[in-house]
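To start, the structure under review is shown below, and the notes come after it.
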Amino acid sequence: MKFMDMKDTLKALSKIACTAVIGSMMLQPVFAQSMEQLQQLRERAQQSQSGISAQSVSPLSVSTQRTLPGASSSANTMGQFSTQPRNGVNLPGEPTIDTVFPAQAPMENPPFAANLFIGGFESERSSGLNDNYLVAPGDKINIWLWGAVNFSDVVTVDNQGNIFIPNIGPIRVANTPAGTVNQTVTAKIRQVYTNDVNVYVNLLTSTPVSIFVSGPVLRPGQYAGLASDSVLYYLKRAGGIDFQRGSFRQIDVVRNGKTVATADLYAFFRSGKLPAVSFKDGDTILVHPIGNTIVVETGARNSFTFEFLNEELNGGVVNYFARPGEFASHASVSGVRNNKQFARYLDLKAFASLELSAGDTVEYIADHEPQIYRINVAGAFAGASQIMVDKGARLLDVLDHIEADTTLSDTQNIYLLRESVAIKQKQIIEEGLQRLERSMYTAPISSTGEGAIRAQEAQLVADFIARARQVEPQGRVVVSENGDIANILLEPNDTIVIPEVTDLIHVGGEVLLPQSVVFNPDATTEDYVAWAGGFTERAEDERILIVRKNGNVTFSSVNDSFLSSDKSKLEPGDQIIVLPAIDTKVLQAVKDITQIVYQIAIAANVATN
């Protein structure tokens, strides 16, 4: 047997060899390839096969020149489709809020209750498995029976709102609160199994519903949620109500063409009231167009744009929602009546009964005549720093109520700081600066060289004006002289300054070492300037400013003979201010600049270079 098998094998091999020889003889005249060419072809085939086997082949990896419009041209994403949510990314050519809404300027007074749509109604909503959730078709309920009868199953609420339990029959659970499902099902089961059967029922899942949101909202459409979700949840998902077109007062829930509930966001904002509605698939939340609007511009805690019903168009309702400030006494109303301008200015009581019209604008104003003033006290005193006085009070009346230590307080040199005087001083300085600007920029030029000089002067003057405008006057009012105090009428927010007793003379301005020097009754102005290091190169020694402790101002010079007189004699607490000299060879408007420098020095006790 083995010999016959070997014989058969040899016969088969010989046939194969003959066939190969005949095949090669037949192909040779057609291709006429050498052995070297055949070897090269064999190597190329092996390389291509190894390359294909080394990498995985996928239909998505097949290269193609066809791409979606706007798609990336990178090889990694070519021909691939993303299955992830777009997360608000718009496709090319897809409408956006910017393209479908007309351009609108920001509202100065946004709608009342508009901040509801920046709340957490969408991100912080409940899971739906709370006790107040109403069971709906599609919900799943887990049921256990043990004892005399054993049963365990997860049943689904059918389209008729029932669940079916063998040997029990259908049990209606639709619109049953989740907190009472166990009681409802247990009561039905115990009608059949009265003894020795324990029951436990648990609501497992809640079925989502699909709700349409329509009307003047930013993104109308179809949104998924839970039946127990509020109207605000779906409105927030739709982007909120359009402030200039949508109503905050009339939001309907429509089911099968009928309105089943109406929401008023003002009622929710003021008293927390929202309609108790359990949504169903296909319900529509319809936002109506905006109604009558009243704009409250200023003077109220709620300065918003309000939407009112026809029966609410009166001042009393506006007062209720706007909540005027504590000190508001009057209301200004402006609008249009019968195609004519309409304006009224009423106290709040009369405004409450005024009938308003859509589009009216309201401003609340505190128009009380002040009867009590606040007077401030500064300097060396004891007691309260503020005193409330009646209208018409005078200085001496108030000084009787201020405690001061005569050994430390200089009551003979009292002065006032008054806001109205400071404003007037600021106006005077500004007028001088404006005159200086006009004189510099409108002066005639006779030559090119003079024009270059004027340009340099103009730059210097501009820098001076910029610094001068930053000076804030004190508004000092001189009320005392030689121990006598003028009994002037006080104004609101006046400050009574009682200087401290001091033994110093203050030297500043254009001196080398500005400082305070101990008072010497035998010293002159020249002595104090010398003790402060002497004049700088820019000092004006012909007119030195002396500011008295009571606010009075006098001028003197080093060589002035009247310094020895009683009127110009220095006293402790005086200030010596050396003003800068103005180079008449450089600047043309010397007079204006000198005047402004003096005004600033007197108003603010500073020397401006």
Side-chain angles (χ1 to χ4, degrees), residues 104-121 124 216-217 230-232 235-236 240-251 262-275 287-337 341-374 388 492-493:
Q104 298 175 349
M107 300 179 65
E108 295 184 1
N109 299 87
F112 178 70
N115 57 339
L116 288 174
F117 297 109
I118 62 175
F121 295 103
E124 303 295 335
V217 294
S230 67
V231 172
L232 283 170
L235 289 176
K236 178 67 183 299
I241 297 174
D242 185 352
F243 290 171
Q244 299 192 9
R245 300 186 303 125
S247 172
F248 281 64
R249 305 296 306 274
Q250 191 173 1
I251 304 168
T262 299
D264 183 352
L265 297 188
Y266 281 22
F268 173 74
F269 197 86
R270 292 303 300 263
S271 56
K273 296 180 181 179
L274 272 181
V287 178
H288 286 256
I290 192 170
N292 306 314
T293 58
I294 301 293
V295 179
V296 177
E297 291 188 342
T298 57
R301 295 181 180 87
N302 297 327
S303 295
F304 296 106
T305 298
F306 293 91
E307 178 186 357
F308 293 124
L309 305 178
N310 292 331
E311 59 272 16
E312 296 175 339
L313 287 175
N314 58 75
V317 177
V318 175
N319 288 339
Y320 172 76
F321 282 97
R323 299 188 63 195
E326 289 88 349
F327 300 106
S329 60
H330 291 73
S332 173
V333 183
S334 60
V336 177
R337 302 287 190 277
Q341 291 291 333
F342 173 85
R344 293 289 186 274
Y345 187 76
L346 307 169
D347 58 48
L348 292 185
K349 184 177 181 180
F351 172 71
S353 59
L354 178 67
E355 292 186 4
L356 301 177
S357 180
D360 283 350
T361 299
V362 178
E363 295 183 56
Y364 291 99
I365 301 171
D367 201 4
H368 297 285
E369 182 180 0
Q371 299 296 328
I372 298 178
Y373 294 161
R374 181 183 64 185
M388 307 304 293
N493 213 30

* Taking all non-hydrogen atoms of both residues, which atom of Arg301 and which atom of Pro324 are closest, and how far apart? -> NH1-O, 3.0 Å
* Mind checking the CG-OG spacing from Asn292 to Ser247? Nearest 0.5 Å is all I need. => 10.0 Å
* To do: Report the C-alpha distance between Phe268 and Leu232 in whole Å, list the side-chain angles of each, state the deciding distance to 0.1 Å, and finish with yes or no for side-chain contact (heavy atoms from CB on, under 4.5 Å).
  => CA-CA 10 Å; Phe268 173 74; Leu232 283 170; 3.5 Å; yes
* Asked: Could you give the distance from CD1 (Ile241) to NZ (Lys236), rounded to the nearest 0.5 Å?
  -> 13.0 Å
* Does some side-chain heavy atom of Phe269 sit less than 4.5 Å from a side-chain heavy atom of Asn115? -> yes
* Write down the atom of Thr262, the atom of Pro275, and the distance for their closest heavy-atom approach. => O-CG, 3.8 Å
* To do: Return the minimal non-hydrogen interatomic distance between Arg270 and Phe321, and the atom names on each side.
  => NH1-CA, 3.7 Å
* **ring-ring contact (aromatic ring centres under 6.0 Å, His included) partners for Phe342, two or more places apart** => none
* Working to the nearest 0.5 Å, report the span between NE2 of His288 and CD1 of Ile251. => 9.0 Å
* **Shortest non-hydrogen contact from Ala300 toward Ala322** => CB-O, 3.4 Å
* Report the C-alpha distance between Phe112 and Val296 in whole Å, list the side-chain angles of each, state the deciding distance to 0.1 Å, and finish with yes or no for side-chain contact (heavy atoms from CB on, under 4.5 Å). => CA-CA 10 Å; Phe112 178 70; Val296 177; over 6 Å; no
* To do: Check for a donor-acceptor pair, side chain of Glu363 on one end and backbone N or O of Thr298 on the other, with a separation under 3.5 Å.
  => no
* Asked: Sequence neighbours excluded, which residues qualify as side chain to side chain contact (heavy atoms under 4.5 Å, CB included) partners of Leu356?
  -> Ile294, Val318, Val333, Phe351, Leu354, Asp360
* Measure across Ser329 and Ala366 and return the closest heavy-atom pair with its distance rounded to 0.1 Å. => OG-C, 3.9 Å
* Structure fact -> Residues at least two apart in sequence or cross-chain that pass side chain to side chain contact (heavy atoms under 4.5 Å, CB included) with Asp347, listed by chain then number, are His330, Lys349, Ala350
* Could you give the distance from CZ (Arg249) to CG (Leu309), rounded to the nearest 0.5 Å? -> 4.5 Å
* Asked: Sequence neighbours excluded, which residues qualify as side chain to side chain contact (heavy atoms under 4.5 Å, CB included) partners of Arg374?
  -> Asn376, Gln386, Met388, Asn493
* Partners passing ring-ring contact (aromatic ring centres under 6.0 Å, His included) against Phe243 (at least two apart in sequence or in another chain) -> none
* Asked: Do Ile290 and Pro216 touch side chain to side chain, with heavy atoms closer than 4.5 Å?
  -> no
* Asked: Should we count CD of Glu355 as having more than 12 external heavy atoms under 6.0 Å?
  -> no
* Asked: Going from CG on Asn314 to CG on Asn319, what distance comes out if it is rounded to the nearest 0.5 angstrom?
  -> 9.0 Å
* For the side chain of Asn109 and the backbone of Ser303, is there at least one donor-acceptor N/O pair under 3.5 Å apart? -> yes
* Just jot down the ring-ring contact (aromatic ring centres under 6.0 Å, His included) partners of Phe248, sequence neighbours excluded, or say none. => Phe117
* Structure fact -> Heavy-atom nearest pair, Ser230 first then Leu274, reads CB-CD1, 4.3 Å
* Side-chain heavy-atom pair Arg337, Ser357 within 4.5 angstrom cut-off -> yes
* Determine whether more than 12 heavy atoms belonging to other residues, nucleotides or ligands lie under 6.0 Å from atom OH of Tyr345. => yes
* On the 0 to 90° scale, with breaks at 30° and 60°, tag the Phe306-Phe304 ring pair as parallel, tilted or perpendicular. => perpendicular
* To do: Give a yes or no on this: more than 12 heavy atoms of other residues, nucleotides or ligands lie within 6.0 Å of atom CD of Glu108.
  => no
* Looking at CZ of Arg323 and CG of Asn302, how far apart are the two atoms once the value is rounded to the nearest 0.5 Å? -> 6.5 Å
